[in-house]
Amino acid sequence: MVERVSRSAMAAFVLVSCLAMTVPELEAQEVWTNNGPEGGTVTALSFASSGARVVAGTERGGVYVSSDGGASWTPRISGLPGLSVRALAVDPDDANRLVVGLVGEGIYASSDFGLTWQSSSDGLPAVATVSAIVCDGANAGVVFASIPSEGVFRSVDSGATWQAINTGLGSRDVVALAISTALQPVVYAGTPQGVFAYDSVTGDWSSTGFLPNSTDVLALAVDPVQPTRIYAGTLEGVALSTNGGDTWSAIGEADLPGRVDAIVIDPEASSVLYVCAGFGASATVYKSSNAGVNWATSDSGLVGNGVLALAIGGSGPNTLLAGVRGDGIFRSDDAAASWAASRMGLANSDVLAIAVDSSQPTTLYAGMSFVAGSDRPRVFRSVDGGRTWQPRDSGLPAIAIGTIAVDPDDSMTLFSGGELAVFRSRNGGATWQLAASGIEADVVVDLVAAPASTVVYAATSSGVFKSLDDGDTWERKSLGLPVGVVEDIAVDPKSAGTLYAVSNSAVFQTTDAAESWRRRGDVFEGIVLSAVAVDPVNEGVVYVGGNGLFATANRGLTWDPADTGLPFSAVSSIVVDRSRPHVLYVSTLGDGVYFSESSAASWSPFNSGLFVSVIEEAMLAPSDPAVLFAATEAGGVFGIERPEPTPTPTFTATLTPSVTVTPGGCVGDCNGNGTVAINELVRGVNIALGADLATCPAFDANGNGRVSISELVAAVNNALAGCPT
């Protein structure tokens with residue numbers, strides 16, 4: 001059971017909160033902005049009929065749209081309940097109408113090119129994951145969608161309602177759809193048992209026959225010039241039917257590496273084809289200029305962890321876009337002879353950690369997640385507040401960077417940690433070297449460089465380690481800590497050698513620079529703690545969070561819940577504004593960022609413009625605490641600048657002539673009973689704000705006719721220790 005704060009300790013904490021609330025703050029109207037690092041995983045692409053308009057579906061960042069052929073991108077997620085897109089289509093009769101299939105959320109449609117989205121799943125199974133969507137260009141409003149294990153569904157009212165059409169479909173594990181308008185519309189479905197064709201007149205499916213290389217069909221495309229020519233991408237390459245699926249033959253087997261996940265055909269020269277072929281990180285673009293007889297790689301300049309999606313169109317048939325795993329979108333304007341990144345504004349990347357230069361608030365670093373086989377940079381740096389980013393990871397291995405710290409005394413010295421201990425840079429991240437001698441841990445969770453020293457602390461999967469020589473060597477400092485992961489660590493800036501750590505649902509403190517640790521307060525039963533922060537101004541005030549938030553006013557002896565207004569999502573970081581310590585921010589793993597202007601007495605959402613909800617870490621710029629940054633999952637880094645608050649007005653109480661003020665005495669003891677109670681502290685705050693001093697002259701210790709902050713603090717001390725005798 002979490003121990004409650006004592007009455008007197010809570011009085012002090014309440015007073016701090018009351019004083020905080022006397023400072024007029026601006027409403028949380030500011031808007032987060034997001035510009036990178038650019039990249040992320042793109043799962044679906046489609047050009048709209050207008051050519052320069054493109055739609056991209058991402059793995060966990062929702063939908064992005066472009067109106068300049070993919071040169072720049074804008075997120076479009078208003079109304080989407082989930083951000084994992086598996087399939088999308090643009091209505092050929094209305095380029096503003098988009099239809100997307102989400103993982104576990106069914107289908108959503110937009111009639112304004114993604115500005116707003118509405119559910120379009122009436123008739124679909126609950127918790128549906130849509131694998132493919134195609135629009136019937138010959139019949140307005142007719143749309144087909146496939147759901148693995150559930151088969152194919154058709155809508156005749158532009159997606160408003162759906163009906164299953166599975167009669168004769170040999171396998172309902174449909175992963176690909178294509179439509180031919182030859183003679184009458186025919187829909188083709190790719191399944192693990194080959195290709196099936198749907199007759200729109202009879203309403204039945206039938207097998208198209210034996211595929212020579214593999215029956216597991218992953219992609220389909222119909223020749224726009226000769227609609228009886230159908231291409232099927234399989235686990236073993238490409239199969240071709242020249243008679244609407246009656247017979248099939250394997251093509252280009254000697255040139256392709258195997259698995260084909262996407263096929264696009266040049267709309268003006270249908271003998272030119274492009275495919276995404278290969279497995280995992282090796283999947284790339286191949287081109288054929290003779291209807292698939294021969295193939296060759298066509299991926300110069302195309303980097304990333306495997307191509308997942310292809311689209312052709314834009315300014316002409318020579319323009320292609322490729323969606324890749326981890327690195328966003330690449331564009332070719334020369335029929336795939338060369339490629340270049342085309343992802344400005346596509347900030348769909350996973351950032352696990354951020355750090356801000358100790359002297360320049362516009363210089364920040366982002367630590368990235370890692371996908372096996374990717375050559376994605378591990379660390380990025382921005383010198384313009386996040387508008388542009390540059391890779392800064394030379395010397396770092398292929399690991400996820402989960403923590404970054406900037407030396408508070410030397411902003412060119414950085415530390416990063418992840419799966420292989422600690423790395424250090426002496427040149428602002430240009431190059432990195434292993435700096436982990438003595439660390440015996442699988443993962444470094446957090447790093448803290450102590451000010452005015454060469455001391456660095458590391459919270460790891462095996463306790464706390466300390467370096468006295470700027471990371472050259474390390475020594476375990478876990479005496480008193482439980483065996484296991486230390487989730488977070490924080491240095492008390494007011495007390496040299498005092499640190500706090502959270503581990504195993506408990507809080508620990510050291511006052512001898514980590515030589516020994518002791519538990520502070522009882523174990524938080526049922527609470528997983530993952531974050532700790534120390535108030536930089538108010539002595540003894542510390543905050544810890546996880547699936548809950550708690551505060552102490554007495555260095556951890558007792559704790560009290562401080563989560564009024566917070567959601568159920570776990571707290572990932574806690575930030576205290578050192579210029580206004582009553583102002584706090586917390587990042588959450590599912591509900592964005594929340595802020596408090598009352599020393600955590602209550603919380604409000606702070607998410608305007610923040611279009612992703614999983615926030616790995618939030619951080620204020622050390623040299624400008626009005627600038628706040630957030631590292632997000634599938635949304636890159638967001639930043640926001642809060643204006644300075646209006647200065648607190650000075651109130652002067654008017655004394656009635658009959659009141660005699662006696663300087664000194666027990667400050668705050670309004671009734672003269674030798675103690676200071678909570679209601680007397682509140683009375684003192686009211687007097688400081690302008691109430692009549694006659695209600696309690698005992699707060700005016702110096703007899704100057706008004707109540708100051710120092711006199712309120714003296715009253716708090718009397719409430720805690722008793723009146724002087």
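Just so you know, these numbers come straight off a predicted model, no measurement behind them.
Ring orientation note: the planes of Phe380 and Trp389 are nearly perpendicular, at an angle over 60° on the 30°/60° scale.
Considering only heavy atoms from C-beta on, Leu220 stays 4.5 Å or farther from Leu177 through its side chain. Proximity of Asp204 to Asp199: side-chain heavy atoms (C-beta onward) are nowhere separated by under 4.5 Å. Between Asn318 and Asp334, every side-chain heavy-atom pair lies at or beyond the 4.5 Å cut-off. With contacts defined as side-chain heavy-atom distances shorter than 4.5 Å, the pair Asp261/Leu308 does not qualify. A heavy-atom distance below 4.5 Å is found between the side chains of Ser608 and Val31. Here the side chains of Val130 and Arg86 are not in contact, with every heavy-atom distance at 4.5 Å or above. Put simply, the side chain of Arg76 reaches to within 4.5 Å of the side chain of Leu115, judged on heavy atoms.
The salt bridge (Lys or Arg N to Asp or Glu O under 4.0 Å) check on Asp223 picks up Arg229, with sequence neighbours excluded. Residues that satisfy the side-chain contact (heavy atoms from CB on, under 4.5 Å) test with Ser214, not counting sequence neighbours, are Asp216, Thr234, Leu235, Glu236. Scored by the ring pair (Phe, Tyr, Trp, His ring centres under 6.0 Å) test, Phe611 finds Phe638 as partners (sequence neighbours excluded). Every side-chain contact (heavy atoms from CB on, under 4.5 Å) that Ser119 has, sequence neighbours left out, goes to Tyr108, Ser121. Taking the ring pair (Phe, Tyr, Trp, His ring centres under 6.0 Å) definition, one finds that Tyr274 meets it with nothing, sequence neighbours left out.
Checking Ser587 against Ser572 by side-chain atom types alone, a donor-acceptor pair falls below 3.5 Å.
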**Request:** Please lay out, stage by stage, how Phe568 and Thr588 fare under the test side-chain contact (heavy atoms from CB on, under 4.5 Å).
**Result:** CA-CA 9 Å; Phe568 292 109; Thr588 72; over 6 Å; no
**Request:** For side-chain contact (heavy atoms from CB on, under 4.5 Å), just list the numbers for Val351 and Thr632, CA-CA rounded to whole Å, side-chain angles, deciding distance to a tenth of an Å, and then say yes or no.
**Result:** CA-CA 5 Å; Val351 180; Thr632 76; 5.8 Å; no
**Request:** Take Gln193 and Thr215 through the side-chain contact (heavy atoms from CB on, under 4.5 Å) test and state the conclusion after the steps.
**Result:** CA-CA 5 Å; Gln193 297 178 14; Thr215 60; 5.6 Å; no
**side chain to side chain donor-acceptor pair (under 3.5 Å) between Ser146 and Ser131, worked out** = CA-CA 6 Å; Ser146 60; Ser131 57; 2.7 Å; yes
**Prompt:** Is there a side-chain contact (heavy atoms from CB on, under 4.5 Å) between Val195 and Ile230 once you walk through the steps?
**Reply:** CA-CA 10 Å; Val195 177; Ile230 310 162; 5.7 Å; no
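Residue pairs satisfying the side-chain hydrogen bond (donor to acceptor under 3.5 Å, both in side chains) criterion with at least one member in residues 158-176, sequence neighbours excluded, are listed as follows: Asp157-Thr161.
A salt bridge links Arg60 with Asp350; the closest basic N to acidic carboxylate O contact falls under 4.0 Å.
Of the residues Leu302, Thr41, Thr284, Val285, the one that meets the side chain to side chain contact (heavy atoms under 4.5 Å, CB included) test with Val324 is Leu302.
Closest approach of Ala71 to Ser66, counting heavy atoms only: N-OG, 3.9 Å.
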